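Okay, so here's the structure we're looking at.
We number each residue from 1, following the sequence as shown. None of the values given here were measured: they were computed from a predicted structure.
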Amino acid sequence: MKTKILVVEDDPHISLGLEEILKGEDFEVTVCARGDKAVDAVSRSHPALIILDVMLPGANGFEICKQLRAKKVATPILMLTAKGQEIDKVIGLDSGADDYVTKPFGVRELVARIHALLRRTQPPAGQGPVADSKFEIGHAIIDPKRFEIRRGKTTEELTARELKLLQLFHAHPGEVFSRDKLLNEVWGYNYYGTTRTLDQVIVQLRKKLGDSGDSPKHLITVHGVGYKLLL
């Protein structure tokens with residue numbers, strides 16, 4: 001059975017090009033041209049991955065991300081942004097996206113990011129899903145089954161990448177991970193982006209852990225190297 005990908009893009013030239021590229025990679029492709037129809041399209045097609053444009057009629061990509069995560073949809077989301085501004089990328093990640101590509105994008109980069117996302121969010125054949133036991137970091141409780149993090153009465157959604165990072169850190173408390181190591185483990189070896197993507201996700205995770213500020217207590221920056229977790 002072919003892996004399904006949903007493309008949410010209103011530009012017919014871009015959506016047609018994406019459809020041809022993805023079908024050439026042996027994916028099954030569904031296209032949705034309106035933001036206000038995207039959530040229903042996800043419910044109908046049950047894709048393994050969503051390619052989501054930011055600027056859409058009816059609802060923008062950020063709104064769609066939030067709606068999907070609020071409905072507990074954990075499907076990985078790759079956002080397309082034409083602006084390329086850092087603030088748009090941060091908002092996209094904070095809304096629940098797992099990765100982003102800036103238009104115009106290269107075909108090889110796009111395909112590599114898709115394959116990397118699918119590898120990191122789907123268990124290998126013959127294996128079960130990722131470990132689903134709850135665990136604690138500071139005052140936060142992480143629930144892998146629900147892709148949620150809870151602190152007191154506050155509950156927030158986790159993206160697949162955020163969850164994998166927390167699971168990796170929690171399995172190796174105190175161990176220093178280089179940025180390259182974290183990118184390889186969570187984004188995949190074919191990831192073409194920069195370490196800035198990781199840094200942005202760490203910022204979002206600190207907020208969700210209640211660990212943000214000038215002196216975080218749990219997700220610690222090791223200058224010149226990467227990060228470590230202190231429980």
Next on the checklist: Pair Q204, V201 - check side chain to side chain contact (heavy atoms under 4.5 Å, CB included), show working.
Outcome noted: CA-CA 5 Å; Q204 302 309 313; V201 175; 5.5 Å; no
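- Ion pairing between D143 and K72 fails under the 4.0 Å rule for side-chain N and carboxylate O.
- Proximity of V29 to V7: side-chain heavy atoms (C-beta onward) are separated by under 4.5 Å at one or more points.
- Atom OG of residue S95 and atom CD of residue E63 lie 9.0 Å apart, to the nearest 0.5 angstrom.
- The shortest side-chain heavy-atom distance between L229 and L166 does not fall under the 4.5 Å cut-off.
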Item to check | Check against side chain to side chain contact (heavy atoms under 4.5 Å, CB included), I5 and T30 | outcome: CA-CA 6 Å; I5 293 181; T30 302; over 6 Å; no
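- In this structure, T3 OG1 and I114 CD1 are separated by 11.0 Å, a value rounded to the nearest 0.5 Å.
- Counting heavy atoms from C-beta outward, R150 and K134 have side chains that approach closer than 4.5 Å.
- Residue R151 qualifies as enclosed at atom CZ: its count of foreign heavy atoms under 6.0 Å is above 12.
- To the nearest 0.5 Å, atom CD of residue E156 and atom CZ of residue R69 are 14.0 Å apart.
- Cluster annotation: L117 is connected to F105 through the hydrophobic network of ILVMFWY side chains, with a link wherever side-chain heavy atoms come within less than 4.5 Å.
- Applying the side-chain contact (heavy atoms from CB on, under 4.5 Å) rule to D40 yields the partners R44; only residues at least two apart in sequence or on another chain are considered.
- A pairwise comparison of heavy atoms in I149 and K208 identifies CD1-O, 3.6 Å as the closest pair.
- The shortest non-hydrogen separation linking R179 to T221 is NH2-CG2, 4.4 Å.
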Item to check | Working for side chain to side chain contact (heavy atoms under 4.5 Å, CB included), residues L80 and V54 | outcome: CA-CA 6 Å; L80 302 179; V54 172; over 6 Å; no
Considering only distance and modelled atom types, tabulate donor-acceptor pairs under 3.5 Å from the side chains of residues 10-19, sequence neighbours left out.
residue : atom : partner : partner atom : Å
D11     : OD1  : H13     : N            : 2.9
D11     : OD1  : I14     : N            : 3.4
S15     : OG   : D11     : O            : 3.2
S15     : OG   : P12     : O            : 3.1
E19     : OE2  : K23     : NZ           : 3.0

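- Checked against ring-ring contact (aromatic ring centres under 6.0 Å, His included), H172 has the following partners two or more places apart in sequence or in another chain: F177.
- Contact record, L168 with L182: CD2-CD2, 3.7 Å, taken as the closest heavy-atom pair.
- Residues satisfying the side-chain contact (heavy atoms from CB on, under 4.5 Å) criterion with S43, sequence neighbours excluded, are absent altogether.
- Note that CZ of F62 and CD of Q67 are 14.0 Å apart. Values are rounded to the nearest 0.5 Å.
- Neither V111 nor L118 shares a network with the other; the hydrophobic side chains, linked directly or stepwise wherever heavy atoms of I, L, V, M, F, W or Y lie under 4.5 Å apart, form separate groups for each.
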Next on the checklist: Could you go through I51 and L22, starting from their C-alpha distance and side-chain angles, then the distance that decides it, and tell me whether this counts as side chain to side chain contact (heavy atoms under 4.5 Å, CB included)?
Outcome noted: CA-CA 11 Å; I51 297 178; L22 296 173; 3.9 Å; yes
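- Between L205 and Y227 the shortest side-chain heavy-atom distance does not fall below 4.5 Å.
- Shown here for G96 and I77, the closest heavy-atom pair between the two residues is O-CD1, 4.5 Å.
- Cluster annotation: I21 and V31 are assigned to distinct hydrophobic clusters (Ile/Leu/Val/Met/Phe/Trp/Tyr, side-chain heavy-atom contacts under 4.5 Å, transitive).
- Looking only at side-chain heavy atoms (C-beta outward), P173 and K228 stay at 4.5 Å or farther from each other.
- Between I142 atom CD1 and S133 atom OG the span is 12.5 Å, to the nearest 0.5 Å.
- Under the 4.5 Å side-chain heavy-atom criterion for grouping Ile, Leu, Val, Met, Phe, Trp and Tyr, V203 is not connected to L219 through any hydrophobic cluster.
- Interatomic distance, NZ of K2 versus CD of E28, reported as 7.5 Å (0.5 Å rounding).
- With a 4.5 Å cut-off on side-chain heavy atoms, L56 and D36 do not count as touching.
- Applying the ring-ring contact (aromatic ring centres under 6.0 Å, His included) rule to F135 yields the partners H170; only residues at least two apart in sequence or on another chain are considered.
- In this structure, a donor-acceptor pair under 3.5 Å is present between the side chains of T197 and Y100.
- Clustering ILVMFWY residues whenever any of their side-chain heavy atoms sit less than 4.5 angstrom apart, transitively, puts I220 in a cluster other than the one holding L209.
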Checklist entry - Are K103 and E9 close enough, and set up right, to give a salt bridge (Lys or Arg N to Asp or Glu O under 4.0 Å), and what steps lead you there? => result CA-CA 12 Å; K103 299 183 202 175; E9 169 62 67; 3.3 Å; yes
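- Contact detail for T75 and P47: the closest heavy-atom pair is CG2-O, 3.4 Å.
- When side chains are defined from C-beta on, D53 does not count as touching V8, because their heavy atoms never get closer than 4.5 Å.
- In this structure, H139 has no ring-ring contact (aromatic ring centres under 6.0 Å, His included) partners at least two apart in sequence or on a different chain.
- Here the side chains of T195 and D180 are in contact, with some heavy-atom distance below 4.5 Å.
- Between D99 and R113, at least one side-chain N (NZ, or NE/NH1/NH2) sits under 4.0 Å from a carboxylate O, which counts as a salt bridge.
- Of all heavy-atom pairs spanning G61 and M79, the tightest one is C-CE, 3.6 Å.
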